[in-house]
Structure formats: C-alpha cells, structure tokens
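One structure is given below, encoded as structure tokens.
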Amino acid sequence: AKVMLINDAEDHANPPELGTVERAMQRVKRGRYVLIAAGPDTHGHFSHYYGKLWKPYLVEFLATLGPAQAAAADDVDDFTDPWRNAPTLLLLHAAMGSARRYFAWVPHLARHWRVVRLDLRGHGRSAVPPQEQTLVLDRLVADVAELMDHLGVERAHIVGNSAGGY
C-alpha cells in the first residue's frame, strides 16, 4: 500500500526538527512525506484543519493509486460498482478527533474507494478505556490492524492526519 504523511513546519506537537517523521517514513517502502512550509495561512499543529493547505497533496496522492487490487470489506462507506474490486481507503483521525472529521469526504471518495473510517479507542463513539489501561500508540495501531483483519482487508491506502498518520 502507498502511504502519504503530511506535516507542517510550525507543528509544535510533531516538530519536524526532531526528524521523527522523516526517520519513520524512510522505513515505509512506498511512502511519501510532505512538509508544508510555514506561512501566513498555516496555524501550527492546527493547520490540518485547513484543507486548502493539504488538499492539493491529497488529490495528487489519490491520483497515484490507480486501479486497485481486490479488497473485501463490509460495514464501510462503499458506493462503488459492485462488480468492481474497489481499493480500500482507510481514514484515520487525529488525537481528540473522530471519524466524523471525514464525513464530508465520503461522497467524494466512496464512489471510487471502499472507505473505512473508525473512531480510535477513547475517541468519538468508541469506549473510553479504564483508567488502569494506558492508551498507547501501539494499542491504537493494533486496533486498526485488528479491524482490517476483521473486515478481511489485506491491503489499504491510508490517509491520516496528525496522530492518525502514525
């Protein structure tokens, strides 16, 4: 699967000068990292709320996906032709967010991709874990992998913003 990660130069929660994202993306075989330069339209960590900053990169990325390999899924936003093996597109929200962040995207994407959106553990409509159960990134990643296994999805393209991009 292809992966694109977008960050902005002013992001104080994920500061580019630490090099964390760059190092991680070097391990992603078909990954692309985009760093949006600071400017009058950026808003620090909250730049991901402003689609005009990252939309051109997303449009370009989606155009590279091309026809898909078969992926089986259910309980997702899927308005593709039933005789077509549509690619799966997994949308992951940021910390303190929910799958509703992508609600307006569904009509545009679900005609061409089988769209999977979820509320990460402790977010949106998901259950809040008990206090003694620490909420760590490894657990959130495992939740996503377990959901994809449950849906029978072997391959997916991933769009994530902020913490959803890890």
Side-chain angles (χ1 to χ4, degrees), residues 1-11 13-14 21 24-25 28 30-37 39 41-127 137 140-141 143-166:
K2 292 183 179 180
V3 175
M4 181 177 65
L5 191 150
I6 300 175
N7 196 12
D8 68 273
E10 296 179 322
D11 192 341
N14 304 302
V21 174
M25 287 302 289
V28 178
R30 295 173 22 154
R32 176 173 178 216
Y33 174 56
V34 175
L35 181 64
I36 298 173
D41 293 330
T42 57
H43 304 275
H45 183 69
F46 298 101
S47 291
H48 62 269
Y49 288 115
Y50 299 87
K52 71 179 182 178
L53 297 172
W54 46 260
K55 180 181 176 182
Y57 301 105
L58 178 62
V59 169
E60 179 184 314
F61 173 72
L62 292 174
T64 69
L65 300 183
Q69 321 305 292
D74 57 18
D75 195 26
V76 297
D77 300 302
D78 184 359
F79 299 98
T80 59
D81 296 322
W83 55 86
R84 200 175 139 247
N85 288 326
T88 299
L89 183 64
L90 173 63
L91 303 177
L92 297 173
H93 64 79
M96 312 317 268
S98 75
R100 291 181 53 94
R101 161 170 301 285
Y102 297 111
F103 185 76
W105 294 26
V106 171
H108 305 288
L109 298 173
R111 182 76 178 102
H112 305 284
W113 289 278
R114 185 170 288 116
V115 179
V116 176
R117 298 176 295 136
L118 72 145
D119 284 323
L120 295 171
R121 185 181 297 247
H123 297 79
R125 293 173 291 149
S126 71
L137 186 58
L140 298 177
V141 171
D143 288 344
V144 172
E146 290 165 9
L147 172 66
M148 300 308 272
D149 287 344
H150 171 74
L151 295 174
V153 176
E154 293 179 17
R155 296 172 51 117
H157 301 287
I158 302 170
V159 174
N161 76 299
S162 191
Y166 294 107

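Positions are given from 1, in the same order as the sequence printed here.
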Short question: side chain of H112, backbone of A110 - any donor-acceptor pair under 3.5 Å? no
Inter-residue atom distance D8.CG - L53.CG, 0.5 Å rounding: 7.5 Å
CD1/I6 to CG/L58 distance, rounded to the nearest 0.5 angstrom? 6.5 Å
D143 side, atom CG; L92 side, atom CG - distance, nearest 0.5 Å: 11.0 Å
Rounded distance (nearest 0.5 Å) linking atom OH of Y33 with atom CG of N7: 4.5 Å
Pick from L89, L90, L91, V144: which one makes a side-chain contact (heavy atoms from CB on, under 4.5 Å) with I158? L90
More than 12 non-hydrogen atoms from neighbouring residues, nucleotides or ligands closer than 6.0 Å to CZ on F61, yes or no? yes
Measuring from atom CG of L109 to atom NE2 of H157, what distance do you get when rounded to the nearest 0.5 angstrom? 12.0 Å
Looking at the rings of H43 and Y49, which for Trp means the six-membered one, are their centres under 6.0 Å apart? no
Determine the minimum heavy-atom distance between M25 and V3, stating which atoms define it. CE-O, 4.1 Å
Heavy-atom closest pair, residues G51 and P56: O-CD, 4.5 Å
Exercise: identify the closest heavy-atom pair between P87 and W113: CG-CD1, 2.9 Å
Test item: I36 and Y57 side chains (from C-beta on) under 4.5 Å apart, heavy atoms: yes
Between R114 (side chain only) and A86 (backbone N and O only), is there a donor and an acceptor less than 3.5 Å apart? yes
Interatomic distance, CG@L151 vs CD@E146, rounded to 0.5 Å, equals 12.0 Å
